[in-house]
Amino acid sequence: MADSLLSLMTFFPLLGMLFVLFIPKDNDGLLKGFTLVVTLITFVISLPLAFNDVFATSGGMHYREFAEWINIGGFFQMNYNLGVDGISLWLVMLTTFIMPIAVLSTWKAVEKNTKGFMALLLLLETGMLGAFVSLDLFLFYIFWELMLIPMYFLIGIWGGKNRIYAAVKFFIYTAVGSLLMLVAIIFVYYYAVQSGADINGFGIQEFYKLDLPYNAQYWLFLAFGFSFAIKVPMFPLHTWLPDAHTEAPTAGSVILAAVLLKMGTYGYVRFAMPLFPDALQTFIPLLATLCVIGIIYGSLVAMMQEDVKKLVAYSSVAHLGFVMLGVFAMNMQGMAGGMLQMINHGVSTGALFLIVGFIYERRHTRLITEFGGLAHKMPVFATIFMIVTLSSIGLPGTNGFVGEFLALMGAFESGLRWYAVIATSGVIFAAVYMLWMYQRVMLGTVTNPANENLKDLNAREIVLMLPLLLFVFWIGVYPNTFFRKMNPALEQMLTQMGHKPAIVEVHNPVAAPAAHATEHAPAGHGHN
Amino acid sequence: MISVHHYLLLSAILFSIGTLGVLTRKNAIVIFMCIEVMLNSVNLTFIALSKHVGNMDGQIFVFFVMTVAAAEAAVGLALMIAFFKNKESIEVDDFNMLKW
Amino acid sequence: MYSNLWLIPFFPLVGSIINGLFGKKIKNEKIIGGLATLMMFLSFLVATQNFLRLMGDNVKTHQVVIASWISVGNLQIDWGFLLDPLSAVMIMVVTGVGTLIHLYSIGYMHGEYSFYRFFCYLNLFAFAMLMLVLGGNALVMFIGWEGVGLCSYLLIGYYFEKKSASDAGKKAFVVNRIGDFGFLCGLFTLFWALGSKGVWTINFVEIAENAHLLETGGVVVTAVTLCFFLGATGKSAQIPLYTWLPDAMEGPTPVSALIHAATMVTAGVYMIGRMNVLFAMSPTTMMTVATVGGLTAFFAATIGFAQNDIKRVLAYSTVSQLGYMFLAMGVGAFSAGIFHLMTHAFFKACLFLGSGSVIHGLHHAYHHAHNHHDDPQDMRNMGGLRKKMPITFITFFVSTLAICGVPLFSGFFSKDEILWWAFGSTRGHWFLWAMGAVAAGMTAFYMFRLVFMTFFGEQKTDPKAKDHIPESPLTITIPLMVLGLLAVIGGYIGVPKILGGSNRFEHWLAPVFEHTQHHFEIHAHGSHATEYMMMGISVGIAAFGILLAWTMYVKNPDMPAKFTAKFPALYKAVFNKWYIDELYDFLFVNPCKKIGTFLWRGFDVKVVDGVVNGVAWVVKGVGSGLKYTQSGYLHNYAVAMVIGVVVIVGYYVFG
Amino acid sequence: MDANLVQEAIQNVNFSAIMPSLVLSVFGMVLLLVSVFSQRGKTTPIAWLSFIALVITGIVTLSGWNNPQAGFAGSVLLDNFATFFNMICIIAAALTILMSDNYLKREGYPVGEYYALILFTTAGAMWMASGTDLMTIFLGLEVLSVSLYVLAGFFRDQTRSNEAGLKYFFLGAFSTGFLLYGVALLYGVTGTTKIHGIAEYVAANSAASSNIMFIAGGMLLLTGFLFKVAAAPFHMWTPDVYQGAPTPITAFMSAGPKAAAFAAFIRVTMVALESMQADITAVFWVLAVLTMTAGNFIALSQKDIKRMLAYSSISHAGYALVGLVAWNEIGYTGIMFYMLVYTFMNMGAFAVLVLIGKKGEDNLTVDGVKGMGYKRPVLAIALSIFLLSLMGMPPTAGFAGKFYIFAAAVKSGYIWLAVIGVLNSAVSLYYYLRVMVSMYFKDAEEDFSWAVMNTGTAISIVIAIAGVLLLGVLPGPVMEMAKLAGF
């Protein structure tokens with residue numbers, strides 16, 4: 001089974017979807033329950049990945065699956081080529097982890113056409129997982145576009161007032177980018193073919209070794225980078241995001257924030273950067289500038305939002321600015337920070353969207369001015385909201401801090417020092433907009449009579465937040481669980497990009513040991 | 001001496017007349033006749049060239065063209081009649097229900 | 001040997017978690033408060049044990065590593081603690097004062113809505129503060145650093161239904177974040193700077209050992225320390241980031257005592273002490289620190305003159321006293337700074353708790369009299385309370401003497417040492433001394449103004465309520481008495497040599513600071529005569545301040561009114577805190593909001609999204625224009641074809 | 001006449017080279033007779049009979065796979081290339097027939113000649129695909145066209161249908177004139193109408209390729225084909241005719257005859273006019289861009305779905321032209337694959353439209369399908385799949401087809417053309433999405449009670465979906481076939 005674990009994991013939701021299609025459409029409970037079970041099983045299937053220690057020792061691809069898929073001799077060849085390494089591992093886990101939560105969040109929120117909703121969610125999961133584990137560019141592209149369709153319907157059918165505009169915008173905007181990428185993908189392939197390089201279909205591992213001329217890299221990076229930048233989204237290509245987020249149903253927003261946006265950042269790390277390392281160097285200043293603008297701009301705009309969801313959406317722009325800045329630092333800290341921040345953003349912003357969903361379900365509005373003083377009525381909710389807010393702000397001890405810190409530190413160490421300084425000021429703004437929002441929604445007295453009878457979170461809602469909270473603290477306190485398995489892969493990738501990870505021989509404990517004594521607490525796990 | 005060029009020129013002129021007729025005339029029947037002029041100019045070309053290059057292929061082609069023209073005439077007139085039944089007109093400017 | 005160090009922060013954390021999760025179910029205030037206090041007390045015991053152990057130990061620096069925290073490439077960060085004389089003093093202060101304030105809170109917070117929440121936060125605060133002082137590397141310290149900021153936010157906004165309270169909490173957090181921005185930048189620069197010399201570390205011990213790799217007085221070290229100092233100004237409420245502290249008085253009084261007087265706000269001072277080597281390496285930064293400290297000491301004192309809210313006066317006095325500490329650090333008087341930190345913790349905590357006791361009493365009285373309009377914190381409603389609340393009065397009075405630097409009280413020793421160093425240190429300047437000395441006089445004035453307005457003179461409380469002002473219960477008065485005692489005797493561990501003492505405190509901290517002071521030749525020089533003279537002058541100034549206060553508020557109570565009438569503009573400016581908040585609003589807050597609104601409505605929607613929608617609009621427009629080429633007329637189609645043929649054939653034949 | 005020559009001619013005839021079209025023509029005539037004698041309105045057996053005829057023809061056609069047959073003195077060549085296109089035409093015709101029966105009854109024209117005409121059209125298309133002489137190609141083209149003129153104007157009481165038929169007729173005949181003139185000029189230069197003969201002549205006399213008559217002839221010939229495949233600026237008949245013609249015929253026209261036209265187009269261009277490659281690609285580059293752009297942009301503002309799909313078919317012709325511009329094996333086999341894919345997806349879409357139209361089909365507008373996703377979920381899903389495929393979204397066949405074509409362009413270095421192509425696809429997303437928006441994101445105003453599934457249409461939809469998904473997920477075998485079908 002281990003041989004085909006990735007396939008099983010990827011296509012299990014699809015299988016589930018086929019079964020969902022045969023469940024009577026009136027049976028809401030069964031539909032939701034079944035979908036929940038399917039997503040949970042998918043999560044269980046993916047668990048061996050998280051517990052496999054091989055990632056901690058080897059940075060290569062594991063769980064490889066390979067089969068010839070399309071082979072038209074002399075024309076082109078595509079392979080069914082799957083694998084997972086430390087970079088995609090946690091994104092895969094995040095996906096399988098967030099899906100049951102997203103399903104659970106629909107319990108009360110989705111009442112019309114449940115069947116369609118569930119089927120689309122499962123289809124979406126297959127698309128996302130497939131994109132993360134594909135090692136063949138063509139296959140990746142298939143999954144990448146496959147994600148678009150269910151998300152389009154999720155926004156368009158179950159979305160808010162302006163859903164049609166948002167859905168169409170989301171679809172076309174992201175598709176424009178990816179279509180250009182398609183041309184670039186084809187180009188890379190034929191370049192490789194014509195240069196006589198040893199390739200294996202559209203397999204990226206072979207493409208990594210290509211020696212593309214700078215001029216070609218320039219355009220190719222532009223195409224790939226554009227496509228991924230839309231998905232991230234990086235300023236100024238972000239405007240689809242607030243619309244999509246605002247209109248999407250809660251589960252859709254959660255998945256969009258937690259996983260879909262990561263596709264863009266992942267795309268950079270997995271494809272755009274290692275494939276075109278020379279062009280990357282040219283573009284880093286520009287991209288880093290956009291990151292920094294995104295951070296500040298996203299924060300300032302978020303600050304003035306009147307709609308909670310829009311606020312969170314703009315905050316995503318800022319958060320992903322940190323991710324990308326870390327990634328562009330091209331050193332261990334930056335990359336690891338960026339990667340971790342992807343997970344963090346998934347957890348925190350996912351949680352924030354759930355929270356917005358909770359109040360939306362209760363009040364059917366998301367305008368900040370409609371609220372105030374909710375902490376009186378919903379103390380549990382207030383506490384959870386606070387924790388998530390703090391995680392989003394990046395308070396030390398929560399997940400957000402570790403990622404942001406490392407990303408910034410990495411950027412600082414690299415040539416992006418001044419960018420990092422400006423970006424760091426983003427932590428101030430983050431506090432401003434989040435706390436201000438929290439204050440206006442939760443604190444003060446209840447002024448709006450509509451809020452008088454709000455019920456606190458019920459058991460289901462608490463249960464669905466708890467795993468997220470667990471990870472908020474886990475990643476904050478012991479991120480090494482994640483770094484351990486990420487580091488080898490990142491090191492390998494950096495080496496391959498021609499950037500030797502600057503590892504100075506293990507940090508030399510101390511020059512003059514006489515000055516003090518170092519002790520290990522008995523409970524300690526040792527250090528280094 | 002009338003060379004092949006004269007035939008070609010004549011047929012080219014005929015073809016152009018036919019084309020211009022199609023472009024300018026309003027009556028469907030007349031337009032159809034113009035198209036026939038075009039086809040026949042082509043026939044003339046074929047025959048002249050057949051003689052010029054010295055094989056029969058061109059002449060055979062003409063037979064087919066004539067046959068096809070006849071078939072087209074049948075179908076075309078039938079369509080025109082059907083249209084006339086509905087609109088009582090065969091002015092081509094009246095075929096403008098379908099546009100944009 | 002010191003392996004139980006982790007227990008010190010652990011106990012409060014446990015208390016916090018238990019109260020946080022189950023406090024609502026427990027309900028019983030005694031259990032909740034008792035548990036929290038017990039946890040603090042246990043923590044105090046462990047701290048004492050370690051302190052004593054360290055006293056008897058020859059090696060004074062101990063690192064204890066619990067586990068690896070972040071391990072990425074050349075960055076290795078541990079969950080590590082550092083125990084040395086400096087952190088030992090700090091844990092004693094934090095756990096000691098903390099325990100007392102926890103005890104006090106049981107009484108003070110009696111009957112409050114969500115009592116458990118308060119103790120949960122308070123314990124959490126203690127945890128964070130202990131992490132801050134025990135942290136063995138800059139990042140663990142930063143956890144505490146932001147953690148205390150968070151708790152401060154939570155506790156200031158404890159009465160979250162009050163907008164002013166939640167505003168104040170938010171302000172505190174955000175302003176602190178500005179400081180944290182500095183801290184982070186400093187940390188990054190340091191890590192990179194040392195890293196580029198081959199040592200990738202943020203461990204304090206290693207930083208101290210390898211600091212010499214950096215150029216003394218160089219740009220890098222100056223930048224690093226200035227960044228850190230920015231962090232310190234945020235946390236410790238120094239110019240320009242002090243504005244949050246007075247507002248923070250919205251929190252319950254024990255919070256003001258613990259967080260905004262005794263512990264958290266001194267974190268900046270502690271941090272400079274922790275990184276003394278780096279700071280000493282940059283004379284520019286040292287000068288900046290000293291100047292900012294001196295200015296703050298003076299500036300905050302001016303505002304203290306005209307405040308009527310008892311806690312606000314104390315808040316400005318805290319800002320001012322923190323200024324002293326920075327002044328000390330800036331002139332290289334590290335141990336004096338820490339010494340003042342400690343004595344200040346005693347007397348200021350006592351003052352706050354005392355004011356809390358007064359407020360508690362008045363509140364009780366107003367409640368009894370169903371008076372809901374009078375503010376129990378307004379000193380104009382007080383007066384003559386010394387008879388009603390004798391214990392409170394005595395302890396408060398003693399602490400006031402201490403803060404004013406009246407000889408033989410704790411504040412005298414610490415403040416005097418700072419002033420002497422400001423004058424005589426190799427990094428000092430007479431002007432710094434002058435600012436400190438003047439501020440000392442002003443402190444004496446406004447503190448006695450407070451005492452006189454509150455405890456002396458006739459009682460101005462609502463007549464219906466005034467007979468119902470009780471002395472506070474034991475849980476409140478015991479901490480008062482202990483702290484009052486400490487305010488008196490706390491100074492004797494640091495009696496300077498000139499007064500016949502041996503300055504044991506300085507001695508104790510020597511392993512931390514001595515090396516730096518030696519290496520960079522930082523020491524106070526001057527004759528004994530000068531030192532005596534300085535001491536005399538500062539005492540004299542303080543005495544003048546007290547006298548002035550007595551004149552204005554006891555002897556001629558109508559004098560202040562006349563004075564304000566004479567200089568209305570000045571009074572108004574001082575009363576309104578020199579309009580600094582308004583200035584900041586004008587300079588930063590409002591522009592940010594305006595820019596944010598503009599970027600959103602003006603730029604994001606109109607320009608960025610406008611381009612996107614514009615492209616779509618153009619495409620669609622072109623489409624609906626083009627469709628008219630499809631006119632429906634046969635002729636047009638035929639013409640198009642002919643044109644096509646002509647162009648294509650023409651292109652070939654003639655092209 | 002010399003007995004030897006006669007003998008040779010008879011040997012050259014080789015009926016197996018025209019067997020598929022022969023079978024179909026015979027069936028067509030049989031059907032004509034049957035329909036004469038059958039009762040008006042009882043056309044279902046005729047429909048099934050024609051379907052069976054197509055199945056048989058299909059079997060006959062496929063049996064010729066990998067067994068190329070030349071005949072009629074080299075004017076017909078039934079090679080894999082032709083077989084592949086023949087199969088496309090047969091599939092298109094079969095799907096058309098499946099969806100027609102009910103449609104004709106609903107619209108009030110249940111007559112058997114309809115099916116016979118479809119078979120003749122198909123036969124003509126097959127001649128065209130297997131013709132290697134301009135004469136056979138011309139004949140095939142005309143058989144196809146004349147039948148289609150009739151089919152387009154089949155609803156003789158409907159002005160719209162009349163108009164469509166007439167427009168198609170006039171413009172078709174007009175373009176035939178150009179085509180024939182081109183053939184005549186080529187004949188004049190090379191002395192032959194066989195496309196291999198032309199190629200050989202040019203190879204032997206290199207001066208011919210710069211002869212004005214040759215060039216003009218070649219170009220005029222190509223304009224004839226450009227008209228048939230609906231490339232700009234010869235595309236203008238398409239929307240009107242597609243809109244006015246009976247819907248199954250529209251579907252058929254957009255798939256079968258177009259594929260056949262491409263077959264002949266490819267053969268003529270790449271064999272007979274190979275010497276003009278540089279010039280042809282330059283012009284076609286522009287035409288491809290024009291065609292894609294005109295089709296996609298105008299489609300954006302369409303309300304009538306049929307008309308919209310007509311414009312969309314123009315743009316798809318543009319994509320296919322990209323494959324010709326690429327001028328390599330991947331390119332033209334890409335067109336073959338694309339035509340097959342297009343047949344499935346476009347005919348599938350039309351099949352759904354046929355089913356949901358009311359009599360007269362005035363409701364086939366973007367607003368007319370409001371809320372269909374909830375009233376007729378299966379149909380709506382089917383239509384969505386076809387539209388997604390037309391957009392070129394993976395994992396549908398439309399993506400595989402587009403990939404194939406654009407891969408060819410990129411391989412030949414036409415990167416900008418590929419970029420323009422994909423940007424055009426991006427534009428096209430909007431109008432396809434609009435239909436889905438209407439189906440799913442708007443509330444239903446009608447109950448679609450008239451849209452009742454019937455066997456024929458259901459089968460055609462299922463076949464089309466199967467084709468779209470299978471060719472999308474596992475396109476390998478068919479792509480391999482396309483490759484083998486290269487000449």
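Chain naming here is simple, since letters A, B, ... match the order of the sequence lines and numbering starts at 1 in each. Here the structure is a predicted model, which is why all the values come from computation and not from measurement.
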In terms of heavy-atom pairs under 4.5 Å, which option from [options] contacts chain A the most?
{"options": "D:Phe403, D:Tyr440, D:Tyr404", "answer": "D:Phe403"}
{"options": "D:Asn328, D:Val427, D:Ile330, D:Leu429", "answer": "D:Ile330"}
{"options": "D:Ala418, D:Pro395, D:Ala407", "answer": "D:Ala407"}

Inset, instruction - Could you pull out the closest heavy-atom pair between D:Tyr414 and D:Val325, with the gap in Å? - result: CE1-O, 3.5 Å

Heavy atoms only, distances under 4.5 angstrom: which of [options] has the most pairs with chain D? Name it, please.
{"options": "A:Trp158, A:Phe153, A:Tyr152, A:Trp219", "value": "A:Tyr152"}
{"options": "A:Trp144, A:Phe138, A:Trp69", "value": "A:Phe138"}
{"options": "A:Ile70, A:Val168, A:Ile157", "value": "A:Ile157"}

Legend entry - Member of A:Leu123, A:Leu129, A:Thr174, A:Leu124 meeting the side chain to side chain contact (heavy atoms under 4.5 Å, CB included) criterion with A:Met147: A:Leu124

Inset, instruction - Can you tell me which residue pairs pass the side-chain hydrogen bond (donor to acceptor under 3.5 Å, both in side chains) test with a partner in residues 124-143 of chain A, sequence neighbours excluded? - result: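 As it turns out, there is no side-chain hydrogen bond (donor to acceptor under 3.5 Å, both in side chains) pair with a partner in residues 124-143 of chain A once direct neighbours are skipped.
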
Could you tell me which portion of [X] (side chain, backbone, both or neither) has an atom closer than 4.5 angstrom to a non-hydrogen atom of chain D?
{"X": "A:Phe143", "value": "neither"}
{"X": "A:Leu182", "value": "side chain"}
{"X": "A:Tyr189", "value": "neither"}
{"X": "A:Ile149", "value": "side chain"}

Legend entry - Residues that D:Glu445 engages under side chain to side chain donor-acceptor pair (under 3.5 Å), provided they are two or more places apart: D:Lys370

Inset, instruction - Determine whether the aromatic ring centres of A:Phe271 and A:Phe140 lie less than 6.0 Å apart. - result: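 Yes; A:Phe140 has its ring centre under 6.0 Å from that of A:Phe271.
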
